[in-house]
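Written below as structure tokens is the structure these notes are about.
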Protein chains: 2
Amino acid sequence: MMDDTDRRILALLAENARLSLKELAAATELSSPSVAERLRKLEERGVIDAFTIDVNPHQIGYSLQAIVRVRPLPGQLHIVERLIQEMPQCVECDKVTGDDCFIVRLYLRSMEELDTLLDGIAERAQTNTSLVKATPVKRRLPGLLP
Amino acid sequence: MMDDTDRRILALLAENARLSLKELAAATELSSPSVAERLRKLEERGVIDAFTIDVNPHQIGYSLQAIVRVRPLPGQLHIVERLIQEMPQCVECDKVTGDDCFIVRLYLRSMEELDTLLDGIAERAQTNTSLVKATPVKRRLPGLLP
DNA sequence: TATGAAATATTTTTAAC
DNA sequence: GTTAAAAATATTTCATA
């Protein structure tokens with residue numbers, strides 16, 4: 001279903017999603033219409049979920065990043081889930097197995113903002129916060145071997 | 001430094017990074033050259049880190065997703081960090097405060113692959129694995145208020 | 001310093017193979 | 001999957017607020 005050329009296109013777009021069809025064509029030794037058609041199919045099949053941007057949180061005022069494990073109290077799961085979804089500081093949330101129910105990534109302007117945010121769910125959930133000190137692996141594609 | 005128009009451009013590109021200058025210009029009621037100039041500056045200032053794609057892990061063979069907290073044993077921190085970085089299944093890794101040192105997001109083809117991967121660092125680190133059951137918030141921009 | 005208009009150059013799309 | 005022509009778009013230049 002996906003060949004080496006498709007994988008090459010994905011890897012190129014992961015680095016620069018605004019590459020023109022012409023540039024993609026040159027890199028894959030195909031013609032532009034051919035690349036356009038492959039792109040269309042990759043989107044249609046849902047391999048490419050979205051063309052998007054990575055924004056540097058620091059440059060838009062978010063000086064801190066935290067990963068918070070959230071364990072809702074009995075009966076509070078759905079409310080907590082909704083509260084998390086509505087936090088503008090939440091950029092990612094997964095529902096997971098194990099003692100914790102949610103793992104949330106927050107962008108924060110200050111420690112005070114973190115405190116306020118967690119206070120807002122303190123009555124409904126236990127939380128465990130880790131502050132991000134560094135990012136050894138920035139979001140990237142996984143291996144694309146067949 | 002960043003005005004409402006810039007924020008609008010960021011929000012539009014977060015949804016579709018391949019929007020043409022013309023489309024961005026229409027949406028912001030600016031001319032194409034004007035949008036091009038703003039884009040150039042957003043990149044130059046590092047507000048936009050990258051134009052990239054979101055790939056659906058299922059469509060490229062990764063049926064499972066796990067978030068693993070990793071706590072290296074004394075003296076093993078740097079080796080463990082390197083081992084994580086070299087895992088093609090690792091799509092994200094943060095170094096954090098607290099008992100755990102690293103929080104890693106893995107894409108996996110099978111449970112067996114998870115087992116093999118964790119066995120590979122078992123002598124150097126304690127790990128705690130959560131399997132992703134759902135994703136209430138998919139990666140998104142944080143609030144962009146000034 | 002940021003914008004817009006117009007001209008030019010480039011790219012994308014379409015159609016035929 | 002390709003080529004080549006038509007259509008759409010991007011870029012450059014320059015004038016302007």
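Naming convention: chains lettered A, B, ... in sequence-line order (proteins, then strands); numbering from 1 in each chain.
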Inset, instruction - Just call it for R38(A): base, sugar-phosphate, or nothing, with non-hydrogen atoms closer than 4.0 Å on any strand. - result: sugar-phosphate
Legend entry - Atom pair distance, as rounded to whole Å: CE in M2(B) and C1' in dA2(C): 18 Å
Inset, instruction - Grab the CD-P distance between E37(A) and dG1(D) for me, whole Å please. - result: 9 Å
Legend entry - S31(B) vs dT3(C): side-chain N/O to OP1/OP2 distance below 4.0 Å: no
Legend entry - Student check: side-chain heavy atoms of L114(A) and L131(A) closer than 4.5 Å: yes
Legend entry - Heavy-atom check, side chain of Q85(A) versus side chain of V137(B), under 4.5 Å: yes
Inset, instruction - Measure the distance from CG on L39(A) to C1' on dT13(C) and round it to the nearest whole Å. - result: 14 Å
Inset, instruction - Would you mind reading off the distance between R40(B) atom CZ and dT12(D) atom P, rounded to a whole angstrom? - result: 11 Å
Legend entry - Nearest-nucleotide comparison on DNA chain C, the residue closer to the 5′ end among P33(A) and L30(B): L30(B)
Legend entry - The single option from R38(B), K41(B), R8(B) passing salt bridge (Lys or Arg N to Asp or Glu O under 4.0 Å) against D3(B): R38(B)
Legend entry - Nearest-neighbour nucleotide for the K22(B) side chain, dT13(C), dA10(D), dT3(C) considered: dA10(D)
Legend entry - Spacing of E29(A) atom CD relative to dT3(D) atom P, expressed in whole Å: 13 Å
Inset, instruction - Starting at atom CG of L21(A), determine the distance to atom P of dT12(C), rounded to an integer number of angstrom. - result: 4 Å
Inset, instruction - State whether K41(B) places a side-chain N or O below 4.0 Å from either non-bridging phosphate oxygen (OP1 or OP2) of dA2(C). - result: yes
Inset, instruction - Ignoring backbone atoms, test whether S20(B) places a side-chain nitrogen or oxygen under 4.0 Å from the OP1 or OP2 oxygen of dA10(D). - result: yes
Inset, instruction - Evaluate the side-chain proximity of M87(A) to V104(A): yes if any heavy-atom separation is below 4.5 Å, no if none is. - result: no
